[in-house]
Amino acid sequence: MGTETIESWFNSNVPETILMIGGILALLIVIMYLKGKESLKYKFLVLLGLIFGVIMASEAVVFYGQWELVTSVIVSIAAFTLIIRPFRDVHVAAIMSLFVMVIIYLAMGDLNGAMLFDSIDLTPLSEGWPRIVVAFIIGSMVYMIANFAEAIVMLFGKLFNCWPMLGLLGLVCIVEAIFMFMGYGSIMDYIDTSAIESSIDNL
């Protein structure tokens with residue numbers, strides 16, 4: 001099979017291919033986690049999952065509206081779960097607020113001689129305690145907002161990443177991919193078709 005043929009086949013089967021790979025990765029992560037979460041193999045798979053999760057997310061954005069809704073949802077959840085796994089215990093809000101605080105502090109140095117509405121001199125904010133206090137206040141506001149968002153993201157991240165849920169998600173991805181390869185469209189399409197056929201048989 002030539003390179004062009006492989007590329008053409010992949011372009012025609014993007015969702016099922018990434019679902020299959022993502023599902024297998026999720027199951028391998030679960031298996032290695034249960035065997036030993038401190039092992040290099042487990043950490044390597046988590047890193048691989050992070051990289052592939054980014055690929056899944058980017059493909060979901062590129063092909064938005066071209067896939068079945070169920071397929072898009074499964075791909076998005078799988079991508080989110082694989083991406084967030086290495087960062088479940090990282091306090092992004094604190095890092096982000098500290099970064100913003102430093103940027104604001106540095107930026108306020110340019111206020112020396114600046115005027116607001118041509119009448120308010122902003123020079124006092126460019127030095128000393130006022131500069132530190134303003135940077136701290138803005139950083140604190142960013143922390144509160146980011147901390148709330150982080151709490152929600154981490155809640156779902158830890159929910160989907162507990163090993164039973166991750167294993168189930170992996171199986172769902174694989175089953176969805178298999179149904180798509182078989183031409184059923186998605187799991188829901190297969191369920192709807194089976195329900196219709198059952199109703200016809202009962203007539």
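Note that the structure is predicted; figures quoted are calculated from it, not measured.
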(message) To the nearest 0.5 Å, what is the distance between CD on E16 and CD1 on I21?
(response) 11.0 Å
(request) Please say whether more than 12 non-hydrogen atoms of neighbouring residues, nucleotides or ligands are located less than 6.0 Å from CE in M96. (result) no
(request) Find out whether M154 and I84 are in side-chain contact, i.e. whether some heavy atom of one side chain is under 4.5 Å from a heavy atom of the other. (result) yes
(message) Could you see if I137 belongs to whatever hydrophobic cluster contains I104? Use Ile, Leu, Val, Met, Phe, Trp, Tyr and a side-chain cutoff under 4.5 Å.
(response) no
(message) Under 4.5 Å between side-chain heavy atoms, counting indirect links through other Ile/Leu/Val/Met/Phe/Trp/Tyr residues: same cluster for I31 and F44 or not?
(response) no
(request) Identify the two heavy atoms, one from A60 and one from S76, that lie closest to each other, and give their separation to 0.1 Å. (result) CB-OG, 4.3 Å
(message) I'd like to check L82 versus I29 (side-chain heavy atoms, cut-off strictly below 4.5 Å). Are they in contact?
(response) yes
(request) Indicate yes or no: at least one non-hydrogen side-chain atom of P15 is less than 4.5 angstrom from one of M180. (result) yes
(request) Indicate, with yes or no, if I74 and L171 share a hydrophobic cluster defined by side-chain heavy-atom contacts under 4.5 Å among Ile, Leu, Val, Met, Phe, Trp and Tyr. (result) yes
(message) Side-chain heavy atoms nearer than 4.5 Å, only ILVMFWY residues, links allowed to pass through others: does that put I77 and M20 together?
(response) no
(message) Measuring from atom CG of L50 to atom CD1 of I55, what distance do you get when rounded to the nearest 0.5 angstrom?
(response) 10.0 Å
(request) Let me see the working for L19 and I174 under side-chain contact (heavy atoms from CB on, under 4.5 Å), right down to the final yes or no. (result) CA-CA 6 Å; L19 276 170; I174 293 173; over 6 Å; no
(message) In the structure I gave you, are the side-chain heavy atoms of T17 and F181 within less than 4.5 Å of one another anywhere?
(response) yes
(request) Flag the pair K37 / W163 as yes when at least one side-chain heavy-atom distance between them is below 4.5 Å, and no otherwise. (result) no
(message) So M101 and F136, do their side chains get closer than 4.5 Å, heavy atoms only?
(response) yes
(request) Please name the pair of heavy atoms, one in A78 and one in C173, separated by the smallest distance, quoted to 0.1 Å. (result) CB-SG, 3.8 Å
(request) Run through L45, L47, V46 and flag the one making a side-chain contact (heavy atoms from CB on, under 4.5 Å) with R85. (result) V46
(request) Supply the atom-to-atom distance L25 CG to M56 CE, rounded to the nearest 0.5 angstrom. (result) 9.0 Å
(request) With the side chain counted from C-beta on, respond yes when K43 and M32 share a heavy-atom pair under 4.5 Å apart, and no when they do not. (result) no
(request) Kindly compute the distance separating CG (N147) from OG (S97), expressed to the nearest 0.5 Å. (result) 8.5 Å
(request) Could you tell me whether the side chain of N161 and the main chain of G157 form a donor-acceptor pair under 3.5 Å? (result) yes
(request) Measure the acute angle between the ring planes of F160 and F80, then classify it against the limits of 30° and 60° as parallel, tilted or perpendicular. (result) perpendicular
(request) Check whether any side-chain heavy atom of M141 sits under 4.5 Å from a side-chain heavy atom of V100, and report yes or no. (result) no
(request) With rounding to the nearest 0.5 Å, note down the distance linking OH in Y33 to SG in C162. (result) 9.5 Å
(message) With rounding to the nearest 0.5 angstrom, report the CD to CD1 distance, E59 to I18.
(response) 5.5 Å
(message) Would a single hydrophobic cluster contain both L166 and L155, if residues Ile, Leu, Val, Met, Phe, Trp and Tyr are joined by side-chain heavy-atom contacts under 4.5 Å?
(response) no
